[in-house]
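The next block holds one structure in the form of structure tokens; read it before the comments.
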Amino acid sequence: MSETGARVGTQRVGFVGLGHMGIPMTRRLLEAGHHVVGFDISPAARSALAAQGGEVADTLTGVATGADVVILMLPGSPTVEQVLGPDGLLDALAPETLLVDMSSSEPARTQALAERAAARGTTMIDAPVSGGVRGAEAGTLTIMVGGSDAAFEQVRPLVQSMGGRVVHAGPVGAGHAVKSLNNLMSATHLLASSEAMLAGIAFGLDPSVILEIVNGSSGRSGSTELKWPEYVLTGTYGAGFSMELMVKDLRIALDLARQGGVPARFGELAAEMWAEALSSLPAGADHTEIVRWLDKVAAPSGVAAEARVR
Ligand code: NAD
């Protein structure tokens, strides 16, 4: 039963993009009893779906066959557009199949795609997520849906098997807008809290003690409550969300601010710092590596705070 008490019927779900998020999300769908047919350009990703009991499609368009819903969990709008085509997945969908972009994409490009889909009778909505790999594994993602009331009601029981909180953000594109703004906040919080943490460590404070105090005080954020204790102090830097994707989300949010004529001086500075970190770190670096980068910038020839922590 869903949270609303409605029985969730078994659905045939096509799923494209079996990466850090797509694999745990498909696992939740499978555990909820849905039939998942997935595709990814990476053979390792396809094997991961098969290993957890999902069906692997031979081709991209194979996910469309008989699907009630097709979900995309791809890096962003350029990939979503490439996958949908011309001569792609969109043409292979039956008009009654609901198309759901759960990637963190660009609102205006999503609205344009939804219009293209509507012209051939297909409903496309956006339903990006927050909560990271950990939230995807636990089925506690926050899912923000952009679409009509009817489409929201249609998708809600399905996405509830992946999420703890499912919110109707507004019309198509609204989910993608909120998602980018959330990540703008998250990225600036991580920078601000890390500068403060590094200053405290340089002063000689114990980082765990700083966190204990801040997390019961007004300076707390997702960065102090989760990222610092779980990924920085443990030295794993393994949140499973790449720096490249974070920089993409910042660009989307700042474009939104610009389009709305809203000045975002602090956000622009944060984005500049994130882009600088991205260009100086190896490809594929986790976004939490921003702390190590800040630490090196702060102490280019001295003792980095990281060395003082461990
Ligand atoms: P990822 O890079 O781990 O996964 C993306 C997958 O898409 C990869 O497996 C890749 O092979 C596949 N792919 C790329 N091009 C393809 C194509 N043309 N056809 C089929 N498959 C293709 O990324 P992720 O971390 O899983 O993130 C996916 C989306 O979710 C992004 O938009 C990201 O911003 C968003 N997101 C990520 C997190 C996180 O913590 N990782 C959290 C919230 C939202």
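In each ligand, atom 1 is the first atom listed, and ligand 1 is the first ligand listed.
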Which pair of non-hydrogen atoms, one from Pro107 and one from Gly173, has the smallest distance, and what is that distance?
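That would be CB-O, 3.5 Å.
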
Apply side chain to side chain contact (heavy atoms under 4.5 Å, CB included) to Thr97 and Val69, showing your working.
CA-CA 5 Å; Thr97 303; Val69 177; 5.6 Å; no

With a 3.5 Å cut-off and no angle check, do the side chains of [X] and [Y] form a donor-acceptor pair?
| X | Y | result |
| --- | --- | --- |
| Glu55 | His35 | yes |
| Ser194 | Trp228 | yes |
| Glu31 | Ser161 | no |
| Ser193 | Lys227 | no |
| His176 | Thr110 | yes |

Taking only heavy atoms of [X] into account, list the atoms of ligand 1 that are under 4.0 Å away from them.
| X | result |
| --- | --- |
| Val133 | 40 (O) |
| Met73 | 28 (C), 29 (C), 30 (O) |
| Gly240 | 25 (O), 39 (C), 40 (O), 41 (N) |

Look only at interatomic distance and state if [X] has a nitrogen or oxygen under 3.5 Å from any nitrogen or oxygen of ligand 1.
| X | value |
| --- | --- |
| Lys179 | no |
| Ala45 | no |
| Ser103 | no |
| Met21 | yes |
| Asp40 | yes |

Given 3.5 Å as the limit, does a donor-acceptor pair link the side chain of Lys179 with the main chain of Val129, or not?
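Between the backbone of Val129 and the side chain of Lys179 there is a qualifying donor-acceptor contact (under 3.5 Å).
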
Just to confirm my output: which protein heavy-atom neighbour is closest to [atom], and how far is it?
| atom | value |
| --- | --- |
| atom 35 (C) of ligand 1 | Ser104 OG, 3.4 Å |
| atom 43 (C) of ligand 1 | Val129 O, 3.4 Å |
| atom 25 (O) of ligand 1 | His20 CB, 3.5 Å |
| atom 4 (O) of ligand 1 | Gly19 CA, 3.3 Å |
| atom 18 (N) of ligand 1 | Val83 CG2, 3.6 Å |
| atom 15 (N) of ligand 1 | Thr79 CG2, 3.2 Å |
| atom 19 (N) of ligand 1 | Ile41 CG2, 3.6 Å |

Greater than 12 external heavy atoms within 6.0 Å of His20's NE2
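At most 12 heavy atoms, drawn from other residues, nucleotides or ligands, come within 6.0 Å of this atom.
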
May I ask you to decide whether [X] forms a salt bridge with [Y], counting only side-chain N to carboxylate O separations under 4.0 Å?
| X | Y | result |
| --- | --- | --- |
| Arg156 | Glu153 | yes |
| Arg292 | Glu289 | yes |
| Glu106 | Arg251 | no |

At the 4.0 Å heavy-atom cut-off, does Lys248 count as touching ligand 1?
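In this structure, Lys248 qualifies as a contact of ligand 1 - some heavy atom is under 4.0 Å.
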
Tell me whether Ser130 reaches ligand 1 (any heavy atom closer than 4.0 angstrom to a ligand atom).
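The answer is no: ligand 1 sits nowhere under 4.0 Å from a heavy atom of Ser130.
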
Which is closest to atom 33 (C) of ligand 1 by heavy-atom distance: Leu60, Val16, Leu245?
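Answer by nearest heavy atom: Leu245.
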
Using heavy-atom distances only, which candidate in Leu18, Asp286, Leu74 approaches atom 13 (N) of ligand 1 most closely?
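Of the listed residues, Leu74 has the closest heavy atom.
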
From atom 2 (O) of ligand 1, is the closest protein heavy-atom distance below 4.0 Å?
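No, there is no protein heavy atom closer to it than 4.0 Å.
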
